[in-house]
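Here the structure comes first, spelled out in structure tokens, and everything after it is commentary.
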Amino acid sequence: SSVPVGDSQEFSKYSKMWAKSVLDDPNTGKAMAAFGSAAAVPVISGEGAIPTRNFRFGEFAGATKISGRTMRQLIKERGGKLTLPCTPGCVTRCHRVYNDKDGNYLGKGPEYESIWAFGANLEIDDLDAIVELSALCDDYGVDTIDTGVAVAMAIEAGIINFGDAQGALDLVKEIGRGTYLGRILGSGAATAAKVFGVNRVPVVKGQAMVAYEPRVLKGMGVTLSTSTMGADHGAGYMVGVNLGWTKNWHYVPRNQVWGQVDVSREIQIKQAAMDCTGLCQFLHTPLLNDPGAMPALLGMLNTKFGWSWSVDDFDTLGKSVLRMEHEFNIKAGFSPAMDRLPLFFTKEPVPPVNAVFDVPESELDRFWDF
């Protein structure tokens, strides 16, 4: 059945404006369609910011073997499918179908985070194994990021070695079997680390950290520290801001300490409101790049619901969501002291950039000053 729209003609006008912003954006309109979010693998590795070997290094020697370009070539050679919409109406069309060497379906083309979790994170450069590991997680109903980091905890405990693709597959299959080991791994990285007695544990508020080195991209470090959901890159994506990719937004250099909190807060506010619309998280990039994207988004909301919202109203929604989540966390026992990265990020320089996360705790504590 159709969805009621207050002013269908006006809504159509703004919808087309929004689609144009998405398609004109170099990320959502070009790179994502061609390579999926995996396009970022060699780029982030080249910046020294892809966590490797459980956050010991920021560069992965096998990055090109697991890149979006390599995946695209394999999909074409094996008769898979490219440039598919994941849902009706999607204009980005970054979904892909990945076949094995015999041309049989193996899984969907995994996203950047899944490729990292089972790739650079574990020092595995076998794309077939990474796709199969991601597909197993989908079948078992577990998160690829937290599961990949949980496998890293098993490696730290000496159960398998870094670079052991078959060993990683065997471990993840334990989750599907429901064995004792599988139940430990399926409970996520924080639980696995406790059971295995591992003390190098990249989690915030119990959630596994993601595929961006916070010592190199300090703005992402702020988001991963302060997000109400734990180490959630989707709460406030600062990579473009730190690397100067955004055209219509602030540029805060990745190694700069001051200013990261303020911009992370702004983006988290807008992302919280964006999440309420149901629009894809990848579409934050047009908002940061195209001055016409926000008027188009507000136009769709206003003509659908008969509102007269401004940018300030949109931000008010985002602030209310964040405050609600923060209040829930406080009542659940989360103190401001939990808005922190694990200690080793502040003590161990990460090669090749050799940086530490040095945004002062007093700065992090300012996050909620709004």
task: Could you tell me whether Glu77 and Lys101 have a side-chain N and a carboxylate O separated by less than 4.0 Å?
output: no
- prompt: Around Lys30, counting heavy atoms of other residues, nucleotides and ligands shown, do more than 12 lie under 6.0 Å from its NZ?
  reply: yes
- request: Decide salt bridge (Lys or Arg N to Asp or Glu O under 4.0 Å) for Asp262 and Arg366; before the verdict, give the C-alpha distance in whole Å, the side-chain angles of both, and the deciding distance to 0.1 Å.
  value: CA-CA 9 Å; Asp262 297 298; Arg366 283 200 312 107; 3.2 Å; yes
- prompt: Are any side-chain N or O atoms of Arg96 and backbone N or O atoms of Cys94, one a donor and one an acceptor, separated by less than 3.5 Å?
  reply: yes
query: So, does Asn121 use its side chain to make a donor-acceptor pair with the main chain of Gly148 at under 3.5 Å?
result: yes
field: Pair Arg78 + Asp100: basic N to acidic O under 4.0 Å
entry: no
- request: Can you measure from CD (Glu266) to CG (Leu288) and round to the nearest 0.5 angstrom?
  value: 10.5 Å
- prompt: Looking at the rings of Phe11 and Phe305, which for Trp means the six-membered one, are their centres under 6.0 Å apart?
  reply: no
- prompt: What about Phe334 and Phe328, are their ring centers closer than 6.0 Å?
  reply: no
- prompt: Under 3.5 Å, side chain of Lys76 to main-chain N/O of Leu82, donor-acceptor pair present?
  reply: no
message: Any carboxylate oxygen within less than 4.0 angstrom of a Lys/Arg side-chain nitrogen, looking at Lys173 and Asp139?
response: no
message: With a sphere of 6.0 Å drawn around CD of Gln256, does it hold more than 12 non-hydrogen atoms of other residues, nucleotides or ligands?
response: yes
- prompt: When you look at NZ of Lys108, are more than 12 heavy atoms from neighbouring residues, nucleotides or ligands closer to it than 6.0 Å?
  reply: no
- prompt: Do Arg215 and Asp358 sit within salt-bridge range, that is, some charged N less than 4.0 Å from a carboxylate O?
  reply: no
Result block: side-chain N/O donor-acceptor pairs under 3.5 angstrom for residues 158-166, not counting sequence neighbours:
{"unit_1": "Asp164", "atom_1": "OD1", "unit_2": "Gln166", "atom_2": "N", "d": "3.4"}
{"unit_1": "Asp164", "atom_1": "OD1", "unit_2": "Gly167", "atom_2": "N", "d": "2.8"}
{"unit_1": "Gln166", "atom_1": "NE2", "unit_2": "Asp170", "atom_2": "OD1", "d": "3.0"}

- prompt: Salt bridge check: are Asp232 and Lys205 linked by an N-O gap of less than 4.0 Å?
  reply: no
field: Pairs meeting criterion salt bridge (charged side-chain N to carboxylate O under 4.0 Å, His left out) with involvement of residues 41-63, two or more places apart
entry: Glu47-Arg254, Arg53-Glu123, Arg56-Glu156
query: Is the Trp309 ring parallel, tilted or perpendicular to the Phe314 ring (thresholds 30°, 60°)?
result: perpendicular
field: Whether His326 and Trp368 hold their rings parallel, tilted or perpendicular, with breakpoints at 30° and 60°
entry: parallel
field: Ring center gap for Tyr212 and Tyr237 short of 6.0 angstrom
entry: yes
field: Side chain Asp313, main chain Ser310, donor-acceptor under 3.5 Å
entry: yes
